[in-house]
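Proteins get letters first, then strands, A, B, ... in listed order; numbering begins at 1 in each.
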Amino acid sequence: MSTTDDNTNDVSPEEAEETTEETPEESSQPDYDSSGDEEECHCSGPGLPILFFIIGFVAMLIFGWFIFPEFLYCKIKQPIDFNHVLHMEEVDKGCESCHFFREDGTFAGVPKNAQCIKCHAEVQGDDPDELEFVEKYISNGVEVPWLSYSRQPDCVFFSHAAHVKLANMDCAECHGPMGESTSLKVYEKNWLSQYSRDIWGKSVLNMLNMKQHTWERMKMYDCAVCHMEKTGRETSVQTAKDGCFVCHK
Amino acid sequence: MKEGHHHRKEKKFGMVIDLDKCTGCGACMVACMAENNVPFKQNETDKLDSITWMRVYKFDNGKKFPDTEVCFLPRPCMHCEGQSGHSGHSPCVSVCPATATDYDTDSGIVSQIYTRCFGCRYCMAACPYHARHFNWWDPVWPEGMEKALSPNVSPRMRGVVEKCSFCFHRYQLAMDEIYAKGHRDFDEKVPEYQTACTQACPTDAIVFGDLNNPNHEVNQIVKPDHNHRLTGKSGNPKVFRLLERLETNPKVYYLSSREWVRRAGDNYQGEETPENYKVKEVHH
């Protein structure tokens with residue numbers, strides 16, 4: 001993104017060039033020349049209003065893309081922190097130890113205390129998060145109210161089996177490097193829709209559609225685009241894409 | 001990357017209801033409401049704005065006492081195929097200005113996306129079967145009942161239309177299980193999914209399945225004839241569809257050995273019978 005300063009710099013060299021080209025012709029009219037230096041000469045032309053327009057425009061873009069979205073999302077900390085790297089060294093079945101498929105093919109998703117109690121029945125170290133986890137949750141038999149970054153709206157059906165088992169996709173493709181993180185990031189909730197920031201991504205991504213990784217945004221468009229590429233299904237009579245009931249319920 | 005394995009066999013889910021077996025008990029209606037989080041009013045006496053994805057109608061042969069015969073007819077959404085097969089020219093889909101209702105050629109199911117619907121109710125006017133219902137109020141669940149709602153069916157809000165989905169969420173869950181077991185599609189080992197009404201029927205009057213699958217009971221009873229002008233018209237003389245001559249080509253079939261019941265399925269004039277009537281030729 002260019003800043004306001006960049007823009008003023010962009011404009012002035014061009015204008016400087018124009019004026020130097022024009023000087024030979026204008027030299028026959030000494031009245032104008034003597035009336036002042038180059039800056040003042042341009043006050044009467046269209047340059048300055050355009051300049052102000054550009055400054056205002058850029059300021060509004062910055063406000064709309066970077067500042068306003070900050071008001072739109074409230075930041076909530078997870079109830080306790082969790083270290084994926086540390087735990088991947090401890091468990092023996094990898095991600096599956098905590099994020100597994102049930103007998104009926106549904107995905108267990110966010111882990112329950114049942115996956116932790118084997119090791120955390122008692123406090124093992126002196127980490128304050130572990131202490132809180134054991135004392136507040138495990139001992140009282142209360143589940144941790146984890147906030148789910150990728151949770152979709154109620155009307156969406158998502159199938160981990162179809163992507164992980166059938167299409168052999170990596171967790172990181174849709175979730176980013178979550179499995180290699182040492183702490184949980186702050187959860188951002190949209191005031192209006194109540195959805196997680198991960199669904200609609202950063203607002204700039206939406207504006208310019210400049211997404212580099214699948215996981216940076218996961219709204220309907222993103223699901224549909226990949227489905228078009230990977231499956232080429234056109235079973236919806238209305239949209240010639242996937243039928244609505246593939247992802248909705 | 002359009003690989004062959006991404007395409008599975010096209011299905012056409014349909015239902016055949018044996019009206020000789022139906023006792024009108026209403027178990028299908030109850031099962032349907034419980035399964036699909038269908039909202040209800042505190043006072044259901046005014047049936048005009050009741051929401052009934054599945055509704056049992058009662059009618060008789062119009063004769064006086066000793067000869068009176070009664071028939072009960074359960075009515076889910078017909079999931080109309082429209083003219084010329086899988087074209088999706090269902091009455092509701094073709095009028096929806098919002099793309100909220102759609103026809104899926106993979107399953108033959110007419111979908112309804114509540115968040116997309118803005119409640120104009122064109123589809124309700126277009127549906128000849130009264131299968132669509134409007135939410136005049138936000139659902140109010142009796143204290144504690146919201147805990148019993150199914151997470152597999154999204155709840156509706158005031159101002160949207162809803163209807164039977166052939167329990168499509170059960171298809172989604174069945175596919176999940178199939179993928180997790182490393183299969184691609186239903187086969188001999190993984191049976192097809194069932195709707196809640198089918199399972200609830202105490203007399204097994206409802207048979208539900210893939211009409212395209214020649215090994216399925218529903219196909220064997222209906223014997224759909226796709227070369228007929230009325231796509232999917234049954235080859236079984238005892239099987240009929242409601243208002244067949246409208247060419248909506250429903251995928252819900254009814255079976256009855258009683259002629260007057262079959263006759264009640266459409267407006268047959270004078271000498272016409274369900275067997276000999278002619279479809280009016282329409283020139284496009």
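Both the backbone and the side chain of B:Asp102 come within contact range of chain A, each with at least one heavy atom under 4.5 Å from a heavy atom of that chain. For a residue to count as touching a neighbouring chain, one of its non-hydrogen atoms must lie under 4.5 Å from one of that chain's; by this rule B:Ile178 does not touch chain A. Looking at B:Tyr171, neither its backbone nor its side chain comes within 4.5 Å of chain A, counting heavy atoms on both sides. Of the atoms belonging to B:Thr99, heavy atoms from both backbone and side chain fall under 4.5 Å from chain A.
Taking the side chain as every heavy atom from C-beta outward, B:Cys77 and B:Phe166 never approach each other to under 4.5 Å. Looking at B:Gln172 and B:His169, their side chains come closer than 4.5 Å, going by heavy atoms from C-beta outward. A heavy-atom distance below 4.5 Å is not found between the side chains of A:Val142 and A:Lys136. Contact of the B:Met175 side chain with the B:Asp185 side chain is registered, since non-hydrogen atoms from C-beta on lie closer than 4.5 Å. Between B:Val218 and B:Glu192, the closest side-chain pair of non-hydrogen atoms is not below 4.5 Å. Looking only at side-chain heavy atoms (C-beta outward), A:Met178 and A:Leu184 come within less than 4.5 Å of each other.
When each of A:Glu103, A:Lys165, A:Arg102, A:Gln238 is scored by its heavy-atom pairs under 4.5 Å with chain B, the top score falls to A:Gln238. Between chain A and the options B:Leu173, B:Asn152, B:Val153, B:Ile109, heavy-atom pairs under 4.5 Å are most frequent for B:Asn152.
Note on ring orientation: taking the six-membered ring where Trp is involved, the planes of B:Phe13 and B:Phe208 are parallel (angle under 30°, cut-offs 30° and 60°).
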Distance-only donor-acceptor pairs under 3.5 Å for side chains of residues 126-146 of chain B, two or more places apart:
from: B:Tyr129; atom 1: OH; to: B:Leu242; atom 2: O; distance (Å): 2.8
from: B:Tyr129; atom 1: OH; to: B:Thr248; atom 2: OG1; distance (Å): 2.8
from: B:Arg132; atom 1: NH1; to: B:Gln112; atom 2: OE1; distance (Å): 2.9
from: B:Arg132; atom 1: NH2; to: B:Thr101; atom 2: OG1; distance (Å): 2.9
from: B:Arg132; atom 1: NH2; to: B:Gln112; atom 2: OE1; distance (Å): 3.3
from: B:His133; atom 1: ND1; to: B:Ser50; atom 2: O; distance (Å): 3.4
from: B:His133; atom 1: NE2; to: B:Thr52; atom 2: O; distance (Å): 2.8
from: B:Asn135; atom 1: ND2; to: B:Val160; atom 2: O; distance (Å): 3.0
from: B:Asn135; atom 1: ND2; to: B:Glu162; atom 2: OE1; distance (Å): 2.8
from: B:Asp138; atom 1: OD1; to: B:Arg158; atom 2: N; distance (Å): 2.7

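Side-chain contact of B:Asp176 with A:Ser159: a donor-acceptor pair under 3.5 Å is present, judged by distance alone.
Contacts of residues 78-100 of chain A with chain B at a heavy-atom distance below 4.5 Å are absent; not one residue qualifies.
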